[in-house]
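So the structure is just underneath, and the comments pick up after that.
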Amino acid sequence: MKNIVRSVKGTRDFYPDEMARRAWLVEKLKAASEAFGYQRYEGPCLETIDLYAAKSGEELVKEQAFVFEDRGGDPITLRPELTPTLARMVASQQNELVFPLRWWAFGPFWRYERPQKGRTREFYQWNIDLIGSDSVQADAELLAVAANFLSLVGLRADMVQILINDRRLMDRKLTEIGIGTQTKPELLKLIDRIDKQPADIWEKNVTDLGLSAGQVDAIKVLLANTDLWQESEELSQVFEYVRALGVGEYIRYEPKIIRGLDYYTGLVFEAHETKGDFRAILGGGHYANLVADVGGQPLPGVGFAMGDVVVMLVLEAYGLLPSNLSYPGTVFVTVFDEKMLVESIKLTKELRESGFNVILAEPDKLGKQFKLADRLGVKFALVLGPDEFANGTVTVKDLRSFEQRSILRTEIGSIF
RNA sequence: GUGCCUGUAGCUCAAUGGCAGAGUGCUUCACUGUGGCUGAAGAUGUUGAGGGUUCGACCCCCUUCAGGCACCCCA
C-alpha cells in the first residue's frame with residue numbers, strides 16, 4: 001500500500017455499496033420493530049464514566065470501553081452498550097412515560113477488543129426493549145420480533161434458530177443438585193461456555209468450584225436434557241405463545257444458554273446460525289430491574305441486542321444480501337453529442353419533475369456511456385439522439401433485460 | 001490482555017535465497033446510434049512498514065502495523 005493514513009484499528013469504511021446494505025438492514029429491523037408498535041429513540045454516543053460505574057465489576061466497562069479525558073479533564077466514555085443510557089432516560093422521565101414502553105434504537109457502539117471475524121471495535125447495534133411488564137406475554141413478544149426480523153431478511157428457521165432458556169429454572173435445578181448460592185454465578189458462567197472449552201478443562205474448572213463428581217455428572221445430565229423446559233411453567237407458556245404468534249419453528253429450548261450479563265433474571269435467549277459457523281447473531285433476555293443502578297422505581301422488562309457485523313456475515317453466507325441497491329430508482333440519460341447536450345439537460349429536468357432520480361452523462365461514444373451506466377448499476381438508460389428529437393420521442397433501454405423501446409417524450413413520466 | 005497463523009497488481013493467488021508472475025478486473029481498439037459475447041493491444045507493484053543477515057531477500061531473523069483463528073468477553 002501507498003502512504004495513505006490508516007484508519008483506526010477495528011473500524012470500517014462504508015463505501016456506497018456497503019452503506020446501501022446497512023441502510024437496507026436498518027429498513028428491515030425498523031419494519032420488524034414497528035410491526036409490533038415499537039418507537040425509535042436514541043441517546044448520546046458520549047457518556048460519563050459514572051453512568052457505567054454503577055455496574056462496577058463489569059469487564060465491559062473496566063477493560064473494554066474507550067475512555068478518555070475531554071478538554072476540561074473530565075473522563076468521557078464512548079458508549080459500549082445502550083442499556084445504562086436507556087435506564088437513565090427511563091428513570092429521569094419515569095413519571096411522564098406511558099408504560100409499558102416499546103422502544104428500539106440503532107446506532108454505533110465502541111469496545112476496545114481484539115478485532116476478528118464478526119467482531120470489530122466500532123460496530124452498529126439494534127437494541128429493542130419492552131419495559132414495564134413482567135409477563136411471559138412480553139417475553140414471547142420480543143422473541144416474535146426477533147423471529148419476524150429473521151424472516152424479513154430471508155433467514156428461515158432451518159438457517160437460524162433462537163435458543164431459549166430460563167435462569168429461574170436453572171437456578172432451581174442447581175439448587176436441587178445441591179449447589180450453594182455463592183457457587184451458582186460462577187457455575188452459570190461456566191455452563192454458558194461449555195461448548196467453547198475442551199471437556200477435560202471444563203470439568204476441571206467445575207471441580208475447582210468445589211463440586212463433587214456426582215454433582216458434575218448431574219449437571220451434565222441436566223445440560224443434555226432438551227425437555228427440561230417442560231418443568232418451567234413460564235417456558236411452557238412461551239412456547240404456546242410463540243406458536244400462536246406464528247414463529248414457533250424458530251424457537252428451540254437449549255439448557256446451555258445462560259448469557260454472560262448478570263442482570264438477566266428470567267428468560268434468556270440467543271439466535272445462532274444452525275451450522276454453527278458464526279457467533280451469536282443476537283442475544284437478550286428478561287431483567288427484573290432496569291433502573292436499579294441509576295435510581296428510580298424498579299422496572300422489569302425484556303429486550304435484546306443485535307450487532308450489524310455477524311448478521312451481515314450470515315446473510316452473505318446464505319446469499320441473502322440484495323444486490324444493485326445503489327441506484328434503485330435512478331435513470332441514466334446519455335448525451336448523444338455536444339449538439340444534443342442542452343436538450344438532454346432539459347430532459348433530465350423533465351424527468352426529475354416526474355419524480356425520477358437522474359444521472360446525466362457527458363458526451364462520449366454511446367457504447368462507453370452504456371458501459372458506465374451498466375457499471376453504476378442503474379436499471380434504465382435513455383437515448384435522445386437526432387432521430388428521437390425529430391420524432392419527439394426518447395429511447396428507453398432496460399439494462400437488465402436488454403429490451404428497449406421508443407416512447408413519446410410527453411409521456412415520459414408514466415413509463416417506468 | 002494471552003497463544004498461534006497470514007500479509008505479493010483493484011480482487012483471488014503463484015514465485016521455497018538468484019530477472020516479481022498468472023487468472024480476473026481495468027484502459028484502448030476492432031465497433032462513426034448501444035453495456036453481459038469474441039478477438040487484438042496496453043497499463044498497473046516501494047512484495048504492509050522499518051531494520052538486520054547475505055555477493056544477492058517476497059523467501060531467513062528482529063521490531064511494528066493490519067487482518068484471521070482459539071482464549072477472554074460479547075453484538
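Residue numbers begin at 1 in each chain, while the letters A, B, ... track the order of the sequences.
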[N] versus [M] - spacing of their [atom1] atoms, nearest Å:
N: B:C59; M: B:G7; atom1: P; answer: 11 Å
N: B:G18; M: B:C71; atom1: P; answer: 39 Å
N: B:U24; M: B:A40; atom1: P; answer: 12 Å
N: B:G68; M: B:U8; atom1: P; answer: 14 Å
N: B:C19; M: B:G45; atom1: C1'; answer: 16 Å
N: B:C4; M: B:U64; atom1: P; answer: 14 Å
N: B:U44; M: B:G21; atom1: C1'; answer: 13 Å
N: B:U63; M: B:G3; atom1: P; answer: 12 Å

Measure from [atom1] on [X] to [atom2] on [N] and round the result to the nearest Å.
X: A:Leu315; N: B:A75; atom1: CG; atom2: P; value: 19 Å
X: A:Trp104; N: B:A75; atom1: CH2; atom2: C1'; value: 16 Å
X: A:Asp398; N: B:G35; atom1: CG; atom2: C1'; value: 12 Å
X: A:Asp364; N: B:U34; atom1: CG; atom2: C1'; value: 13 Å
X: A:Ile257; N: B:A75; atom1: CD1; atom2: P; value: 12 Å
X: A:Arg111; N: B:C73; atom1: CZ; atom2: P; value: 13 Å
X: A:Phe370; N: B:U32; atom1: CZ; atom2: P; value: 15 Å

Would A:Phe123 pass as stacked on B:A75, i.e. its ring centre under 5.5 Å from the base's six-membered ring centre and planes under 30° apart? yes

Both distances under 3.5 Å, Watson-Crick or G-U wobble: report the partner of [N], or none.
N: B:U46; answer: none
N: B:C60; answer: B:G52
N: B:G1; answer: B:C71
N: B:U6; answer: B:A66
N: B:A40; answer: B:U28
N: B:A22; answer: B:U12

Show the nearest heavy-atom pair for residues A:Ala138 and A:Ser133, with the distance to one decimal. CB-OG, 3.6 Å

Which heavy atom of A:Ile162 sits nearest to which heavy atom of A:Ala147, and what is that distance? CD1-N, 3.9 Å

Please work out if [X] contacts a base, only the sugar-phosphate, or nothing of the nucleic acid, heavy-atom cut-off 4.0 Å.
X: A:Ala373; answer: nothing
X: A:Ile281; answer: sugar-phosphate
X: A:Phe336; answer: base
X: A:Arg193; answer: sugar-phosphate
X: A:Gly284; answer: nothing
X: A:Ser401; answer: nothing

Using only heavy-atom distances, decide whether a donor-acceptor pair under 3.5 angstrom links the side-chain of [X] to the base of [N].
X: A:Glu113; N: B:A75; value: yes
X: A:Arg119; N: B:A75; value: no
X: A:Glu388; N: B:G33; value: yes

Give the nucleotide from the list [options] with an atom nearest to the side chain of [X].
X: A:Lys117; options: B:C73, B:G68, B:U34; answer: B:G68
X: A:Asp387; options: B:A75, B:G33, B:C26; answer: B:G33
X: A:Gln404; options: B:A30, B:G68, B:U34; answer: B:U34
X: A:Ala305; options: B:C72, B:G67, B:A75; answer: B:A75
X: A:Leu366; options: B:A30, B:G33, B:G67; answer: B:G33
X: A:Pro386; options: B:G33, B:C74, B:A75; answer: B:G33
X: A:Leu399; options: B:C73, B:A75, B:G35; answer: B:G35
X: A:Lys196; options: B:A75, B:G33, B:C74; answer: B:C74
X: A:Val383; options: B:U32, B:C73, B:U34; answer: B:U34

Show the numbers, then the answer: is there a side-chain hydrogen bond (donor to acceptor under 3.5 Å, both in side chains) between A:Glu273 and A:Tyr318? CA-CA 10 Å; A:Glu273 190 269 333; A:Tyr318 281 99; 2.6 Å; yes

Would you tell me if any nitrogen or oxygen in the side chain of [X] comes within less than 4.0 Å of OP1 or OP2 on [N]?
X: A:Lys368; N: B:U27; answer: no
X: A:Arg114; N: B:G68; answer: no
X: A:Arg121; N: B:C74; answer: no
X: A:Gln116; N: B:A70; answer: yes
X: A:Lys397; N: B:G33; answer: no
X: A:Lys371; N: B:U27; answer: yes
X: A:Lys9; N: B:A66; answer: yes
X: A:Arg259; N: B:A75; answer: yes

Would you say the ring centroid of [X] lies under 6.0 angstrom from that of [Y]?
X: A:Phe123; Y: A:Trp110; answer: no
X: A:Phe332; Y: A:Phe380; answer: no
X: A:Trp103; Y: A:Tyr38; answer: no

Between A:Thr120 and A:Asp374, which has a closest nucleotide on RNA chain B that is more 5'? A:Asp374

Could you pick out which residue, A:Leu282 or A:Ser7, lies toward the 5' side of RNA chain B when each is mapped onto its nearest nucleotide? A:Ser7

Mark yes when over 12 heavy atoms from residues, nucleotides or ligands other than A:Phe278 sit less than 6.0 Å from its CZ; otherwise mark no. yes

Take atom CD in A:Glu27; do more than 12 heavy atoms of anything else shown fall under 6.0 Å from it? yes

The test is ring-ring contact (aromatic ring centres under 6.0 Å, His included); show your working for A:Phe109 and A:Tyr124 and say whether it passes. CA-CA 6 Å; A:Phe109 295 86; A:Tyr124 288 80; 8.5 Å; no

Is there a side-chain contact between A:Asn205 and A:Arg193 (heavy atoms, below 4.5 Å)? no

